[in-house]
S.K.: 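Got a structure here, written out as structure tokens. Questions coming.
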Amino acid sequence: MKIGLLGHGVVGSGVTAITDSCARKKVRRLEVTRILVKDESELTDPRCTLNVEEILQDPEIELVAECMGGLEPAHTMVSRALEAGKHVVTSNKKMFANYCEELFGLAQENGVTIRYEASVGGGIPWMSNLTRIKRLESVLSFRGILNGTTNYILTRMEETGRDFEECLAEAQKLGYAEKNPTDDIEGYDVMYKAAITAMKAFNATPALDAIPMYGIANVSSVDLAWAAEKNCSLKLLACGSDDGKSISLWVMPVFLKKEDILANVSGNFNAIECNSETLGKASFIGQGAGSLPTAHAVVQDMLDVYVGQDTALGEMESRTICNDNIHAQFYIRTENREFFRPVTREVLLSGAIITEVMPLSEIDRMIKESEDAALFAAMVYAE
Ligand code: HSE
């Protein structure tokens, strides 16, 4: 099967490293014949081109793999590939979370498939395992660490006592971070992955701006010191559940007891747990970022297209997110402590507060009203 690759950065170059070695071994019939790159400095391979039409208008190319990242031009190119009757594999969570309904429609109209394993959990076969679970039963809930960059930063801060900026620079150097690290550290990257997971797990298409989203951009060593004092690790989690009526879905740092399996997932690793009726709890752990692990997921998707693996999703519903039933205590570090006095149970020596047990939807509303851009919020001991 001839493949056109869009993008030859961290993920795209991992894809050619894998497919080229497979071709040499003649193990698989995947052949990347054209690679779209963004400027002349990237014309390092005879297959490289600066002209996307050489891919979109090549009748021999049956599959387009998009590893560019960002909304545009990725969205337009992927739409055009589907309209041209080419299968699509994408690793781009931002683009896919924003346009999945439209892209599924285009794929269906044109009798092709779009696959997105690499968009969530890097190399972990998370989407394909959700597909398997759903052949038998509904997924009831999931919770997980879905961002390698922030997990790397939090792990390094915990291990070394170094500050946030230094650990972020290390993660960038290792090729884990997005081009713009804001997406990682403010929680957008996890929010896109949570939305894609909810789509797959619950057949829901949640409005992205309705997902409560808190990142680690304002985390400081005092927060990690409190975690150590309480025998906890701080992890950025995405969680969702479906009770058949409404779904809950949120993204927030959580202080987890050390005995929690997720508290022990370190470095760029991601880990996701899901729960369903007969399987019960199942956990998936692996490298959530980086060139070859993510490229592995892209190539697995290509192989699934090649062998005609079915990826039908069933009917999608537009479901409302309701986080009223998520009750917990929250850790808030803010200059505006007075605003939170009505819900404060304890003031720590560092000045951070611990709230009473309260709904996530309520603390989310209060944090937004308090308007402190430097505030750091986390959930305490979520299950
Ligand atoms: N920036 C992302 C992460 C890359 O760190 O997890 C993989 O999606």
Side-chain angles (χ1 to χ4, degrees), residues 90-101 103-104 114-135 137-148 150-151 183-184 187-215 235-244 246-252 254 262 265 269-276 279 281-289 293-294 297 300-301 311-323 326 360 382:
T90 181
S91 59
N92 184 344
K93 57 254 145 183
K94 183 172 188 170
M95 189 276 297
F96 193 64
N98 276 281
Y99 293 108
C100 59
E101 275 186 288
L103 297 175
F104 278 128
I114 177 161
R115 297 188 63 105
Y116 45 93
E117 180 68 75
S119 68
V120 186
I124 302 174
W126 170 228
M127 291 295 129
S128 46
N129 274 300
L130 282 175
T131 304
R132 286 174 65 81
I133 294 167
K134 283 180 61 196
R135 294 193 296 197
E137 58 200 10
S138 302
V139 175
L140 304 171
S141 64
F142 74 89
R143 62 172 199 145
I145 296 169
L146 296 180
N147 184 269
T150 48
N151 204 44
D183 272 7
D184 292 305
Y188 288 97
D189 180 83
V190 182
M191 182 268 284
Y192 300 135
K193 292 167 175 170
I196 294 170
T197 297
M199 178 197 74
K200 186 66 152 182
F202 309 142
N203 281 49
T205 51
L208 299 185
D209 58 6
I211 304 172
M213 180 193 81
Y214 294 89
K235 297 291 178 191
L236 178 58
L237 295 193
C239 298
S241 64
D242 183 359
D243 65 8
S246 61
I247 61 167
S248 76
L249 195 61
W250 52 271
V251 174
M252 196 178 220
V254 180
L262 295 185
V265 174
F269 275 71
N270 281 194
I272 321 163
E273 266 184 10
C274 68
N275 192 14
S276 63
L279 180 62
K281 270 191 188 168
S283 307
F284 305 89
I285 300 181
Q287 290 189 69
T294 312
Q300 290 286 3
D301 269 354
T311 58
L313 258 184
E315 282 300 301
M316 301 296 281
E317 287 172 63
S318 146
R319 309 267 303 271
T320 309
I321 296 172
C322 176
N323 288 315
I326 309 297
L360 170 61

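In what follows, every heavy atom counts, from backbone to side chain, and hydrogens, waters and symmetry copies are set aside.
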S.K.: Mind listing the closest non-hydrogen atom pair of Ala194 and Val251 along with its distance?
M.R.: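 Closest approach of Ala194 to Val251: CB-CG2, 4.2 Å.
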S.K.: Any donor-acceptor pair under 3.5 Å linking the side chain of Asn98 with the backbone of Lys94?
M.R.: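 Answer holds: yes.
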S.K.: Verify the distance criterion only: is there a donor paired with an acceptor across the side chains of Lys193 and Asn270 at less than 3.5 Å?
M.R.: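 No, no side-chain donor-acceptor contact under 3.5 Å.
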S.K.: Taking all heavy atoms of Ala271 and all of Val265, pick out the closest pair and write down the distance.
M.R.: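 Result for this residue pair: CB-CG2, 3.6 Å.
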S.K.: Any chance you could measure Leu146, atom CG, to Thr197, atom OG1, to the nearest 0.5 Å?
M.R.: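 The OG1 atom of Thr197 is 5.5 Å from CG of Leu146, to the nearest 0.5 Å.
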S.K.: Taking the side chain as every heavy atom from C-beta outward, state whether Val139 and Lys200 have any pair of such atoms under 4.5 Å apart.
M.R.: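 Val139 vs Lys200: side chains apart.
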S.K.: Just verifying a value: how many Å separate Trp126 CH2 and Ile285 CD1, rounded to the nearest 0.5 Å?
M.R.: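 With rounding to 0.5 Å, CH2 (Trp126) is 12.0 Å from CD1 (Ile285).
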S.K.: Give me the atom names and distance for the closest heavy-atom approach of Ser119 to Ile196.
M.R.: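 Minimum heavy-atom separation between Ser119 and Ile196: OG-CD1, 3.7 Å.
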S.K.: Roughly how far, to the nearest 0.5 Å, is the CG atom of Leu262 from the CD1 atom of Ile145?
M.R.: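 So the gap between those two atoms works out to 5.0 Å.
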S.K.: Tell me, with the steps shown, if Lys134 and Asn203 meet side-chain contact (heavy atoms from CB on, under 4.5 Å).
M.R.: CA-CA 10 Å; Lys134 283 180 61 196; Asn203 281 49; 2.4 Å; yes
S.K.: Nearest 0.5 Å, what's the CG-OG distance between Leu130 and Ser276?
M.R.: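 Nearest 0.5 Å value for the CG-OG distance: 9.5 Å.
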S.K.: When you compare the side chain of Cys100 with that of Met199, does any pair of heavy atoms fall below 4.5 Å?
M.R.: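 Yes, close enough: below the 4.5 Å cut-off.
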S.K.: Looking only at heavy atoms, which two atoms of Ala297 and Gly123 are closest? And how far apart?
M.R.: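 Closest approach of Ala297 to Gly123: CB-CA, 4.3 Å.
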S.K.: Is there side-chain contact between Ser138 and Asp242, with heavy atoms separated by less than 4.5 Å?
M.R.: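 Not in contact.
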S.K.: Pick one: which of Asn151, Thr150, Asn147 meets side chain to side chain donor-acceptor pair (under 3.5 Å) with Asp184?
M.R.: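 For Asp184, the side chain to side chain donor-acceptor pair (under 3.5 Å) check succeeds only for Asn147.
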S.K.: Can you find a pair of side-chain heavy atoms, one from Phe284 and one from Phe142, that are under 4.5 Å apart?
M.R.: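 Counting from C-beta outward, Phe284 and Phe142 never come under 4.5 Å.
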S.K.: Taking Lys281's backbone N and O only, do any of them form a donor-acceptor pair with Glu273's side chain (distance below 3.5 Å, no angle check)?
M.R.: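 Here the side-chain-to-backbone pair does not exist.
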S.K.: Under 3.5 Å, side chain of Asp301 to main-chain N/O of Tyr116, donor-acceptor pair present?
M.R.: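 Indeed, once roles are kept as given, a pair shorter than 3.5 Å links the two residues.
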S.K.: Please give me the minimum heavy-atom distance between Ala195 and Ile211, naming the atom from each residue.
M.R.: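 Heavy atoms only, the tightest pair is CB-CD1, 4.0 Å.
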S.K.: Decide yes or no for Val120 and Lys93: does some side-chain heavy atom of the first lie under 4.5 Å from some side-chain heavy atom of the second?
M.R.: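 No, side chains not in contact.
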S.K.: Can you tell me how far apart OG (Ser141) and CZ (Phe202) are? Round to the nearest 0.5 Å.
M.R.: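 Reported value, rounded in 0.5 Å steps: 6.5 Å.
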S.K.: Any non-hydrogen side-chain atom of Met252 less than 4.5 Å from a side-chain atom of Pro212?
M.R.: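 With C-beta onward as the side chain, the pair stays apart.
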S.K.: Any chance you could measure Phe104, atom CZ, to Thr205, atom OG1, to the nearest 0.5 Å?
M.R.: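 Rounded to the nearest 0.5 Å, the CZ-OG1 separation comes out at 10.5 Å.
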S.K.: What are the two closest heavy atoms between Ser248 and Asn323, and how far apart are they?
M.R.: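 The pair with the smallest heavy-atom distance is CB-OD1, 3.2 Å.
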S.K.: Is the closest side-chain donor-acceptor distance between Thr320 and Ser246 under 3.5 Å?
M.R.: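 Result is no, nothing qualifies.
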